[in-house]
Number of protein chains: 4
Amino acid sequence: MSPAIRSEEARQAIVEAAFDLCAEQGFAAVTIEGIAARAGVGKTTIYRWWPSKAAILIEAVENARDAAAGYPDTGDIYADLAAQTSSVMRLFKTDFGTIWRGLIAAAQSDEAAADGVTRILRVSIDACVARLAKARDAGQIRDDLDLEMAVEIIYGPIYHTWLLRTRPVPEAYMETVLAALLPALTPSPGRH
Amino acid sequence: MSPAIRSEEARQAIVEAAFDLCAEQGFAAVTIEGIAARAGVGKTTIYRWWPSKAAILIEAVENARDAAAGYPDTGDIYADLAAQTSSVMRLFKTDFGTIWRGLIAAAQSDEAAADGVTRILRVSIDACVARLAKARDAGQIRDDLDLEMAVEIIYGPIYHTWLLRTRPVPEAYMETVLAALLPALTPSPGRH
Amino acid sequence: MSPAIRSEEARQAIVEAAFDLCAEQGFAAVTIEGIAARAGVGKTTIYRWWPSKAAILIEAVENARDAAAGYPDTGDIYADLAAQTSSVMRLFKTDFGTIWRGLIAAAQSDEAAADGVTRILRVSIDACVARLAKARDAGQIRDDLDLEMAVEIIYGPIYHTWLLRTRPVPEAYMETVLAALLPALTPSPGRH
Amino acid sequence: MSPAIRSEEARQAIVEAAFDLCAEQGFAAVTIEGIAARAGVGKTTIYRWWPSKAAILIEAVENARDAAAGYPDTGDIYADLAAQTSSVMRLFKTDFGTIWRGLIAAAQSDEAAADGVTRILRVSIDACVARLAKARDAGQIRDDLDLEMAVEIIYGPIYHTWLLRTRPVPEAYMETVLAALLPALTPSPGRH
DNA sequence: AGTTAACCGAGACGGTACGTCGCGTCTTGTT
DNA sequence: AACAAGACGCGACGTACCGTCTCGGTTAACT
């Protein structure tokens, strides 16, 4: 009577199968039955541990992200923002982007998925806020800025273009955006 | 030797049924069968004219929007932006918001839906760009600003908070956002 | 104020299309829409003149049969029966057989089709009865035989094997059957 | 690692529902959806185990027949044939007749149904042939008769009248038929 | 000679059933 | 007890035809 405990092997196979399926066929084509078949696992095992396919992919994303590091910190907040946002835009074009896109879509009509998305984002946002706080303390950005909102101003354009696809995104999009936002972020010159 | 013509009555009943069902139950709960039943129409009639439920709702949104007017223009671009963005955020909390949210979600894995979303947005964005261009010509905003990007900077935070739900949105959110963006939009004081 | 007259051209095209479709694809694959398309005719025209696809095929069969002659009469009833039954069995293997088979099937659950089948058969049966009556008068067959029943005894085996397919039918099936039936048909030798 | 096993309860409910529906409404009115609804079963369960409604009814008939006994044997082959054929004609007027009629119709354009019909008939025919063989050995019928063909001669008239409905069948039809066939079946008086 | 009404083709319409897919639950052994 | 396998009831899918219903257009008989 060995397996009275959860099989880590099955868990990993399921998460990987879900990730791969989504990457290959898109979020809409991912099904519990497909994951079970690909992972060589019974459907019961999936339903025992996850409430929906979104939950599996959320776990996949969180797994992947745990390997990733925190916010870059070269001392120059503008360079760091440019580096991080460009990195995000690049990431959105990979398999991860396909999955992330699907999760955001699922979150629009699935409260649990929405919670997962929020939880995932919270970590990134907190990291960004922390980096901005440090920059503010270093006098690189205005000290009367709501940093949570600052994150939304910075990443809003990315999600706007990525999710709404209103136009082809230019090469160095975020460089341009950040340059435009600069006067809104830097301490106002008239103050002392 | 002309064939029987398309039934305008059925078209309208279908679009309305789709709208109502989506408003009542959410996008995910909308089914072609449900629409057909509610509209008193055969499924064939729906499939004859629309490729998916998203297409029907896109038509519903376009119909509704055709009634709406253009961008507000009081002469004060900041007042107008504040008014329009607040109006959008209010709209997002209505039935229209439910539908729009669903369409954006569908657009993430349905190319046709994405086209529809893009087409709908294009009109609003063009109106905003036109209003910004007028403000620029009036010297109210910087003349070196990519206006298309300006729209993304202004509306990005709205979609970011609305779609990603990372935090409860404050009361006068857009007032704060616009205030923060002001230095990025106004002509730089150091120039003359 | 007489109406425009029925189009003989359309009538013929419909009957032929129905025949050909049935011959090519089998009775079950024949549809009103298919006939209309193949005949280059509106569905209305079909529904105006025929109540069902069976009715069209009944007309096709009757048309075809009108060309055919009556019962063979060489003076030898046994030779004539052998010739005619063999000819029927050969006919059943042609396109006509496919259609006739379908009509008999349809007749099992469609009263109108059953009437058509009965009407078509009536002519053949009457011809056979007439031939048998002549043979009886010539002293070739028993005079106490119910001739209607005699037809059923003679053709029953054909339909039994053809419709129920219980075994492969031997080459000279009807020769054997008629030989076996001979004692039942000929005047009994003990009588005077 | 065995899978879940087939539900005998569902199997029985489906076969019974199909039988009842066919008896009540006729073969043509039987639908898979109707059977599923009446049996309280998913359509998938039906399609998993049967290829068509005909297949279900074939099973129903085989089930019913498994309960039935073999050919009557009083020692008098003519009495036995009269009893059995009359019994068949009576049976054809019951619900069983409705279903059997439908299956024969289906067999005309469905190879699988044809196989089922053949399989069902084979048992009855074999029983009849066996009884005839016994009678032949007892000297009650000619010993040069192809017994398979004899069955077709005896039952042919029944199916001819039942399927083709060319005339109202007289009360004691098979008595008359068998009386007429007698000379064809009995050992020829001229032999010794 | 013009009117007109029944015919024609085309095909849209409200329906019903099709056969399939995936859902989430369940049952059955196996490990 | 957790596992793989997969059958189950269910709901929706998108398709095929049903039989009815407009649509113009065409044509023959009757003003």
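Throughout, a chain's letter reflects where its sequence line sits, starting with A, and its residues are numbered from 1.
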- Calculate the interatomic distance between Ile5(A) atom CD1 and dT31(E) atom P; express it in whole Å. 18 Å
- Item | Atom-pair distance (CG on Asp110(C); C1' on dC18(F)), nearest Å | 14 Å
- Who passes side-chain contact (heavy atoms from CB on, under 4.5 Å) against Glu9(B), sequence neighbours left out? Ser7(B)
- salt bridge (Lys or Arg N to Asp or Glu O under 4.0 Å) filter on Arg119(D), not counting sequence neighbours, yields Glu62(D)
- Glu9(A) atom CD is separated from dT31(E) atom C1', nearest whole Å, by 13 Å
- Task: Write down the distance between CZ (Arg38(B)) and P (dG14(E)), rounded to a whole number of angstrom.
- Result: 17 Å
- Query: Given that Ala10(C) and Ala36(B) both sit by DNA chain E, which one's nearest nucleotide is further toward the 5' end?
  - Reply: Ala10(C)
- Task: Applying salt bridge (Lys or Arg N to Asp or Glu O under 4.0 Å), name anything that partners Arg11(B), two or more places apart in sequence or on another chain.
- Result: Glu8(B), Glu59(B)
- Item | 4.5 Å side-chain heavy-atom contact, Thr98(D) and Phe92(D) | no
Check residues 18-37 of chain A and write down every donor-acceptor pair under 3.5 Å in which the side-chain atom is one partner and the other belongs to a residue at least two apart or another chain.
| unit_1 | atom_1 | unit_2 | atom_2 | d |
| --- | --- | --- | --- | --- |
| Glu24(A) | OE1 | Arg38(A) | NH2 | 2.7 |
| Glu24(A) | OE2 | Arg38(A) | NH2 | 3.1 |
| Thr31(A) | OG1 | Gly34(A) | N | 2.8 |
| Glu33(A) | OE2 | Lys43(A) | NZ | 2.7 |

- Query: Partners of Thr44(B) by side-chain contact (heavy atoms from CB on, under 4.5 Å), sequence neighbours excluded?
  - Reply: Arg48(B)
- Message: Can you list, in residue-number order, the parts of residues 39-46 of chain D that come under 4.0 Å of DNA chain E, counting heavy atoms only?
- Response: Lys43(D), Thr44(D)
- Item | Heavy-atom pair with the smallest gap, counting every atom of Ala13(D) and Ala39(D) | O-CB, 3.5 Å
- Item | d(CD1, Ile14(B); C1', dA12(E)) in whole Å | 11 Å
- Message: Counting only side-chain heavy atoms from C-beta out, which of dT20(F), dG11(E), dT15(F) sits nearest to Tyr47(B)?
- Response: dT15(F)
- Message: Any non-hydrogen side-chain atom of Gln108(C) less than 4.5 Å from a side-chain atom of Leu163(D)?
- Response: yes
- side-chain contact (heavy atoms from CB on, under 4.5 Å) filter on Thr118(B), not counting sequence neighbours, yields Arg165(A)
- Item | For DNA chain F, the residues among residues 49-56 of chain C that have a non-hydrogen atom under 4.0 Å from it | none
- Message: Would you say Arg6(C) places a side-chain N or O within less than 4.0 Å of OP1 or OP2 belonging to dA6(E)?
- Response: no
- Query: Of the residues in residues 17-35 of chain B, which ones touch DNA chain E at a heavy-atom distance under 4.0 Å?
  - Reply: none
- Grab the CZ-P distance between Arg11(C) and dG9(E) for me, whole Å please. 14 Å
- Task: Sequence neighbours left out, what passes side-chain contact (heavy atoms from CB on, under 4.5 Å) with Glu111(B)? Give chain and number order.
- Result: Ala114(B)
- Message: Within the structure provided, determine whether Val117(C) and Trp100(C) are in side-chain contact (heavy-atom separation under 4.5 Å).
- Response: yes
